[in-house]
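Both ligands and their constituent atoms are indexed starting at 1 by order of listing. Bear in mind the structure is a predicted one, so any value in this text is a computation, not a measurement.
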Amino acid sequence: MRIDVITLFPEFMAQSASLGVVGRAAERGLLDLHGWNPRDYAEGNYRRVDDRPFGGGPGMVMLIEPLRACLAAAKAADPTPAPVIYLSPQGKPLTQAKVRELAALPRMILLCGRYEGVDERFLAAEVTEEISIGDYVLSGGELGAAVIVDAVTRLQEGALNDAESAAQDSFEGPQGLLDCPHYSQPAQHEWGDVPDVLRSGNHAAIARWRRQQSLLRTWLRRPDLLDESQLSKADRKLLAEAREGVEP
Ligand SMILES: Nc1nonc1C(=O)NCc1ccc(Cl)cc1
């Protein structure tokens, strides 16, 4: 998958995509990441990319023309069509379902704003969709872009090894349940012992326990993610059994 990122800080994107699974995927050619800096397309001595807002008020607004020229250069670099996705708190909240949709695309262009905003006429003319990574205000769109690059790259065929993809699947199964607790050495510790079932060697019982913990945690921490009507009979039974001993 090719991802072009329009950002005043291309070095940030390069760094965040050079580590771990994403870095490995990029090395393997599963991710083709390109940074484009609007400042390289700004005219005049000062190469302005921003200016004061009409109507007054604090801060600066990113100008149309440098973004327009920058986006045109990015599009000209590869014939593959791509949606232009703008990261901002005004966007649609990012979900794993959306990540899966994006991961299936051959290419996307991520637009990272800075300052107080981007001229609305550029957004109206060039942006396909706006996405938010959460209801909080960051200093720019780059962290949102890095989140999308990471989440989408993990889903590229061959990006994850068997263990990693099993972990991914368990978490983002069809119902999107929260992950179960994890334990490793030591078995006994002053902060508690590892649940016996995990040391029993009984793989059916272990899988049952993990599923039950995911169901219980989702019910307790994120009931909004739990659509009980979509649960299998077995899952409903597991959850009912787990609920008995627990107050939400
Ligand atoms: N929340 C979020 N989810 O995606 N992005 C954000 C975010 O806060 N961006 C900050 C931002 C976005 C555009 C401009 Cl011009 C300036 C600052």
Side-chain angles (χ1 to χ4, degrees), residues 1-17 19 22 31 33-44 46-75 82-105 107-155 172 176 222 224-225:
M1 177 174 199
R2 176 170 174 142
I3 303 180
D4 297 273
V5 184
I6 294 177
T7 169
L8 291 170
F9 301 102
E11 68 281 6
F12 174 87
M13 293 313 300
Q15 168 72 22
S16 71
L19 309 168
V22 178
L31 169 69
L33 187 65
H34 298 263
W36 301 85
N37 190 336
R39 199 170 297 283
D40 297 337
Y41 299 88
E43 302 295 318
Y46 300 98
R47 302 208 299 164
R48 289 204 79 118
V49 294
D50 65 309
D51 206 334
R52 292 179 303 116
F54 279 114
M60 306 292 269
V61 173
M62 293 186 79
L63 300 170
I64 298 172
E65 286 308 319
L67 287 172
R68 181 185 188 181
C70 183
L71 177 57
K75 287 184 172 178
V84 177
I85 296 169
Y86 178 55
L87 283 305
S88 91
Q90 287 72 43
K92 199 159 178 288
L94 183 67
T95 62
Q96 191 64 19
K98 186 66 179 177
V99 168
R100 281 194 288 268
E101 182 190 310
L102 297 174
L105 297 173
R107 185 188 184 195
M108 64 180 161
I109 300 174
L110 302 178
L111 172 63
C112 304
R114 282 272 158 172
Y115 310 112
E116 293 313 302
V118 170
D119 191 299
E120 191 63 21
R121 290 166 292 181
F122 179 83
L123 300 179
E126 297 281 16
V127 167
T128 314
E129 60 181 303
E130 277 192 54
I131 290 179
S132 168
I133 61 164
D135 295 330
Y136 35 76
V137 180
L138 303 168
S139 308
E142 285 79 9
L143 285 169
V147 161
I148 289 183
V149 169
D150 187 283
V152 158
T153 301
R154 295 174 57 82
L155 298 186
E172 63 144 55
R222 291 294 305 276
D224 58 300
L225 295 179

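When the salt bridge (charged side-chain N to carboxylate O under 4.0 Å, His left out) test is applied to D119, the partners found at least two apart in sequence or on another chain are R121.
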Under 3.5 Å, side-chain donor or acceptor atoms of residues 139-146 against the rest of the protein: list the pairs with distances, not counting sequence neighbours.
residue: E142; atom: OE1; partner: R114; partner atom: NE; Å: 2.9
residue: E142; atom: OE1; partner: R114; partner atom: NH2; Å: 2.9
residue: E142; atom: OE2; partner: T7; partner atom: OG1; Å: 2.6

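Using a 4.5 Å cut-off on side-chain heavy atoms (C-beta onward), V22 and L33 make no contact. Proximity of M60 to E116: side-chain heavy atoms (C-beta onward) are nowhere separated by under 4.5 Å.
Counting heavy atoms of neighbouring residues, nucleotides and ligands inside a 6.0 Å radius, atom CG of D224 exceeds 12 of them.
Within 4.0 Å of ligand 1, contacts by protein heavy atoms are made from Y86, L87, S88, P89, G113, R114, Y115, G117, V118, I131, S132, I133, G134, Y136, V137, L138, S139, G140.
Sequence neighbours left out, the pairs with a member in residues 54-65 that pass side-chain hydrogen bond (donor to acceptor under 3.5 Å, both in side chains) are E65-R68.
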